[in-house]
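First comes the structure, then the notes that go with it.
Note on naming: letters A, B, ... go to the chains in the order of the sequence lines (proteins, then strands), and numbering restarts at 1 for each one.
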Amino acid sequence: MLDLGFIRDNLELVKRKLRERGFPDILENFDTVDRERRKFLVEAENRKARRNKVSDEIAALKKQKQDASALIAEMKQLGAEIQELDAKAKAYDDQLRELLRNIPNVPHPSVPVGSGPPDNQEVRRWGEPRRFDFAPQAHWDLGPALGILDFDRAAKIAGTRFAVYTGLGAKLERVLANFMLDTHTREHGYTEVLPPFIVNSASLYGTGNLPKFAADLFKLEGTDYWLIPTAEVPVTNLYRDEVLEAEQLPLKLCAWTACFRSEAGSYGKDTRGIIRQHQFQKVELVKFALPEKSYDELESLTRDAEVILQRLGLPYRVVVLCTADMGFSSAKTYDLEVWLPSSGEYKEISSCSNFEAFQARRANLRFRRGAGKTEFLHTLNGSGLAIGRTWLAVIENYQQADGSVVIPQALRPYLDGLERLVPPK
RNA sequence: GGAGGGAUGGGUGAGUGGUUGAAACCGGCGGUCUUGAAAACCGUUAGCCUCGCAAGGGGCUCGGGGGUUCGAAUCCCUCUCCCUCCGCCA
């Protein structure tokens, strides 16, 4: 949510920024609704001031056992007027809130203006894609051949866009989570959190997933419970409606969770393999930061996520998303894209964003400097990393001509020294 | 799932229709005293919206929403959450 006063004072600027994001008409009614709301509000409040004053007079008269019926009759009339004006003010207020809830964040000035993914800009590259002297296989062939991935039975027990990991495949998934969590908690100063995988709708409003993106989520029938699409939702909402001390910031949390996404509207996209699943696991990094520090924190959070790819020896690049490709709540986003030899391209494996005060306003996340006034803090998060996509990146990048997969050095201590996955005879 | 009890400011906790936006205590902040600190004492200490160039007004908020009333923290309805007991259960 944007600040109401900010929109009012910078209407043309905000309109231009939102046009760049692909929301050209969203503020069309803002000025009218804002003015009407305040008009009725002021009229109602003037009458309420009168009512409060007279109520005291009535109380005083009653105390002295004097007649107050004339005043009471007048107030009855006034009360009716107030009710009417309140209703009008509320109607415009509801309209304004609805409007505010549906306005995306304003991009940071450093974000490239663009109209789609081709306008994203590469920031840096790490690692050299390996040269294969054979045709590298895709993970959806390698995995089943190694006996560590089973799509057919997943389709039977659940449906499409699900996978079953078996044997060392399941263990590799588990071990990747441990490796990531250990790195972030031991070396990067994050505190581990294990939140619920189910949240209420208020939490989803807080992060900006609702009301606009309900179709992307799984809802539990007949309840106000939703499966989380990312740990960002429960973890960002941890301190909802609370006031933190400035000294606590930046507060750095990391969480392993399963994530659930309906993937409505992605038909035909990434249909093979485990790239796009209804359920996947992710280690998420979340920061609560001082406003003046949040862009430094975005850089360091992105670096924290990159370290995982570097330790695993997976080539990647960092891309800054253009205005049209950013998520609804974000002011600036870096995507980390890992090299996939089977498709010969870089594929998103992490998304690191600064939301500035956008989520903080929605979730009422504040802090205080000393005895000063409360301020909204800034929230950030990024995948560190998506585990399923890391799993397949390891399998594909480390595959050998004989169908085996070499285990990256960094993971071997987690796998009892195992050096290689070998297909069964 | 059944029965009962509760939700008040940063915290504990008074308050059952009319200067109670809210006592008291604790905590926080400022000050007096002190070589310094502690103690003691004094003062101060919510948020949001809105009018105004400002100074300064006004409105709303006692878990959320609705209602009764001239007037609601106080009465009614409803929802949410928490606690206790019973049942069930990893």
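- For A/Lys90, taking side-chain heavy atoms from C-beta onward, the closest of the listed nucleotides B/rC70, B/rU68, B/rG66 is B/rG66.
- Note on ring orientation: taking the six-membered ring where Trp is involved, the planes of A/His184 and A/His188 are tilted (angle from 30° to 60°).
- For the side-chain hydrogen bond (donor to acceptor under 3.5 Å, both in side chains) with A/Ser351, the lone residue among A/Asp335, A/Thr302, A/Thr230 that qualifies is A/Asp335.
- With a cut-off of 3.5 Å on both pairing distances, B/rU16 has no Watson-Crick or G-U wobble partner at all.
- Remark: B/rG9 base-pairs with no nucleotide; criterion is Watson-Crick or G-U wobble with both hydrogen-bond distances under 3.5 Å.
- In this structure, A/Trp256 has its ring center closer than 6.0 angstrom to the ring center of A/Phe197.
- Taking the six-membered ring where the residue is Trp, the centroids of A/Phe218 and A/His278 are separated by under 6.0 Å.
- The partner of B/rU84 is B/rA3, by the rule that a Watson-Crick or G-U pair needs both atom distances under 3.5 Å.
- Regarding A/Leu71, its CG atom lies at a distance of 18 Å from the P atom of B/rG18, rounded to whole Å.
- The distance from atom CG of A/Asn200 to atom C1' of B/rU80 is 10 Å, rounded to the nearest whole Å.
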Just do the ring pair (Phe, Tyr, Trp, His ring centres under 6.0 Å) check on A/Phe151 and A/Phe162 with the steps written out, would you?
CA-CA 7 Å; A/Phe151 292 107; A/Phe162 287 95; over 10 Å; no
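- Atom name C1', nucleotides B/rA46 and B/rG21: the rounded distance is 9 Å, in whole Å.
- Counting to the nearest Å, the C1' atom of B/rU19 and the CD1 atom of A/Ile58 are 14 Å from each other.
- Rounded to whole Å, the separation between the P atoms of B/rG64 and B/rA73 comes to 12 Å.
- Nucleotide B/rA55 forms a pair with no other nucleotide shown, judged by Watson-Crick or G-U wobble geometry with both contacts under 3.5 Å.
- Scanning residues 36-49 of chain A for heavy-atom distances under 4.0 Å to RNA chain B yields A/Arg37, A/Arg38, A/Leu41, A/Val42, A/Glu45, A/Lys48, A/Ala49.
- B/rC75 and B/rC82 have their C1' atoms separated by 24 Å, with the value rounded to a whole Å.
- The interatomic distance linking A/Asp9 (CG) with B/rU50 (C1') rounds to 14 Å, in whole Å.
- Rounded to an integer number of Å, the gap from A/Asn364 CG to B/rC48 P is 9 Å.
- The distance from atom CG of A/Asp93 to atom C1' of B/rC48 is 12 Å, rounded to the nearest whole Å.
- Look at NZ on A/Lys76: it is 9 Å from P on B/rG71, rounded to the nearest Å.
- Among the protein residues, A/Leu4 comes within range of the sugar-phosphate backbone only, with heavy atoms under 4.0 Å from sugar or phosphate atoms but none that close to a base.
- Residue-to-nucleotide proximity on RNA chain B shows that, of A/Tyr225 and A/Arg366, the 5′-proximal contact is made by A/Arg366.
- Contact annotation for A/Arg8: backbone-only contact, meaning every heavy-atom pair under 4.0 Å involves sugar-phosphate atoms and none involves a base.
- Not a single donor-acceptor pair under 3.5 Å links the side chain of A/Asn209 to the backbone N or O of A/Tyr205.
- The six-membered or imidazole ring of A/Trp226 lies away from that of A/Phe260, with a centre-to-centre distance of 6.0 Å or more.
- Comparing B/rG9 with B/rC76, their C1' atoms sit 27 Å apart, to the nearest whole Å.
- Phosphate contact (OP1/OP2 of B/rC70, side-chain N/O of A/Asn52, threshold under 4.0 Å): absent.
- Aromatic ring centres of A/Phe328 and A/Phe358: separated by under 6.0 Å.
- Between the P atoms of B/rA90 and B/rA3, the separation comes to 25 Å (whole Å).
- Of the C1' atoms belonging to B/rG17 and B/rU68, the separation is 11 Å, rounded to the nearest Å.
- Ring geometry for A/Tyr295 against A/His108 counts as tilted: the plane angle lies between 30° and 60°, on a 0 to 90° scale.
- Only the P atoms considered, B/rC26 is 29 Å distant from B/rU74, to the nearest whole Å.
- Under the Watson-Crick or G-U wobble criterion, with both distances below 3.5 Å, B/rG27 is paired with B/rU45.
- Comparing the P positions of B/rA55 and B/rG65 gives a spacing of 31 Å, expressed to the nearest Å.
- RNA chain B is contacted by both A/Gln83 and A/Lys53; A/Lys53 maps to the nucleotide lying nearer its 5′ end (nearest heavy atom per residue).
- If you measure from atom CD1 of A/Ile82 to atom C1' of B/rC60, you get 13 Å, rounded to the nearest angstrom.
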